[in-house]
Amino acid sequence: MRLWTFKRRLAGFGIIFLLIAVLAAVLLWTFWPQPSCTDQKQNGAEEGVDCGGTCPNKCLGELPKSPLVLWKDYFIVRSGVFDVGALVENQNIKLGSRKFDYVFRVYDRAGLLVSQKEGRTFLYPGEQVFVFEDSLVTGPLHPSYVEFDYKPVAWEPMDNNDPLKIDLVSWNYESEPNPIIRATIANRSLFEEKNIEMTLRLENSNGNAYAASKTFIETFPPQSTQDVIFTWPPASFEPPSTISPLYRRVLR
């Protein structure tokens with residue numbers, strides 16, 4: 001008798017859960033913003049931003065181009081731990097994206113997936129961005145190559161504002177106790193900059209990147225210099241021949 005009562009209650013809970021799930025799906029379908037021809041984004045079956053495809057407006061302006069992955073690679077931090085990076089170019093002059101979702105996949109020589117990491121950034125019109133993820137753990141398996149993929153991009157008209165006027169003034173590399181880059185940068189602008197993302201690549205004499213790092217600068221007064229530090233865990237890095245910085249305003 002008790003078992004029969006338990007089964008009846010369990011069936012009742014299942015029906016209630018199913019009704020709640022159906023109601024939630026209906027509400028989500030009803031109130032979730034649907035793609036339209038006036039939302040200033042390329043979505044649905046549109047060929048451009050609010051034009052082409054199912055929209056009555058013809059695309060007279062810029063048709064979106066896919067992001068161009070210039071290169072991708074992994075960087076050895078220590079045994080079993082690696083960083084990954086990719087240099088991505090937005091080929092669109094007036095279109096950007098607030099949500100650029102991507103994934104790094106690291107494989108060994110046999111083509112076995114040893115690690116992967118997903119992330120999200122943004123793309124300004126016409127910019128090159130260094131996409132970077134650190135501390136991927138591969139264990140005893142050694143990476144051989146990296147794949148970088150991204151989800152379909154929702155483009156929208158975007159203003160890139162004035163170019164950043166930040167220069168690298170000087171830098172110094174220290175190997176002990178951990179690899180460190182101490183750099184000085186200058187804001188040449190007449191205006192204060194806020195929320196700056198700075199990525200840095202270490203390159204050998206052949207121009208190949210073998211390490212990378214990223215930091216954020218909250219405020220940068222006009223016509224001033226600022227010291228920034230990039231650190232890595234214990235590793236046997238060679239002294240870099242050159243370093244390549246990239247700066248971008250964090251999209252809000």
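All values reported here derive from a predicted model rather than from experimental measurement.
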Assigning hydrophobic clusters by single linkage (Ile, Leu, Val, Met, Phe, Trp, Tyr; side-chain heavy-atom cutoff under 4.5 Å), is [X] placed with [Y]?
X	Y	result
Ile180	Tyr173	no
Trp171	Leu164	yes
Tyr150	Val146	yes
Phe104	Phe75	no
Leu202	Phe130	no

Derivation and outcome, side-chain contact (heavy atoms from CB on, under 4.5 Å), residues Gln223 and Leu190: CA-CA 6 Å; Gln223 298 292 300; Leu190 298 176; 4.0 Å; yes

Can you find a heavy atom in the side chain of [X] that is under 4.5 Å from one in the side chain of [Y]?
X	Y	answer
Glu193	Ile217	no
Leu70	Gln128	yes
Val81	Pro233	no
Glu147	Lys72	yes
Pro240	Ile181	yes
Arg201	Ser244	yes
Glu133	Asp83	no
Phe230	Pro179	no

Would you sort out whether Thr184 and Asp227 count as a side-chain contact (heavy atoms from CB on, under 4.5 Å), showing the intermediate values? CA-CA 4 Å; Thr184 300; Asp227 295 329; 2.8 Å; yes

Look up atom [atom1] in [X] and atom [atom2] in [Y], then write down how far apart they are to the nearest 0.5 Å.
X	Y	atom1	atom2	result
Leu123	Lys99	CG	NZ	14.0 Å
Lys214	Asp134	NZ	CG	8.0 Å
Arg120	Arg98	CZ	CZ	12.5 Å
Thr225	Arg188	OG1	CZ	8.5 Å
Met198	Phe216	CE	CZ	12.5 Å
Asn206	Asn208	CG	CG	5.5 Å

For Phe148, is the NZ or CZ atom of Arg105 found under 6.0 angstrom from the centre of its six-membered ring and inside 45 degrees of the ring axis?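 No; the conditions do not both hold, so Arg105 does not lie above the ring face of Phe148.
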
Pi-cation contact, Phe122 with Arg248 (under 6.0 Å, within 45°):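 Cation-pi check for Arg248 and Phe122: passes.
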
I need the minimum non-hydrogen distance between [X] and [Y], along with the two atoms involved.
X	Y	value
Pro157	Leu95	N-CD2, 3.8 Å
Ile243	Leu168	CD1-CD2, 3.7 Å
Thr138	Leu141	OG1-O, 3.0 Å
Ile76	Phe82	CG1-CE2, 3.3 Å
Ser241	Ser205	OG-N, 3.2 Å

Applying the side chain to side chain contact (heavy atoms under 4.5 Å, CB included) criterion to Leu246, which one of Leu87, Val129, Ile166 satisfies it?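 Going through the options one by one, the only one that passes is Leu87.
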
Where do Glu192 and Thr219 land on the side-chain hydrogen bond (donor to acceptor under 3.5 Å, both in side chains) test, with the steps shown first? CA-CA 7 Å; Glu192 180 183 34; Thr219 59; 4.6 Å; no

Please evaluate residues Tyr247 and Ile185 with respect to the criterion side-chain contact (heavy atoms from CB on, under 4.5 Å), reporting the C-alpha separation (whole Å), side-chain torsions for both, the decisive distance (0.1 Å), and the verdict. CA-CA 11 Å; Tyr247 316 93; Ile185 56 177; 3.7 Å; yes

Would you say the side-chain atoms of [X] pair up with the backbone N or O of [Y], donor to acceptor, closer than 3.5 Å?
X	Y	answer
Tyr102	Lys117	no
Asn187	Ser189	yes
Asn172	Arg182	no
Tyr74	Tyr145	no
Gln226	Ala186	no
Asp108	Ser144	no
Trp232	Ala212	yes
Asn90	Glu127	no

Applying side-chain contact (heavy atoms from CB on, under 4.5 Å) to Val106 and Val84, what does each step give before you reach the verdict? CA-CA 9 Å; Val106 184; Val84 287; 3.9 Å; yes

Can you check salt bridge (charged side-chain N to carboxylate O under 4.0 Å, His left out) on Glu218 and Lys194, steps first, answer last? CA-CA 5 Å; Glu218 293 185 0; Lys194 294 184 178 181; over 6 Å; no

Do Tyr107 and His142 make the cut of ring centroids closer than 6.0 angstrom?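 No; His142 has its ring centre 6.0 Å or more from that of Tyr107.
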
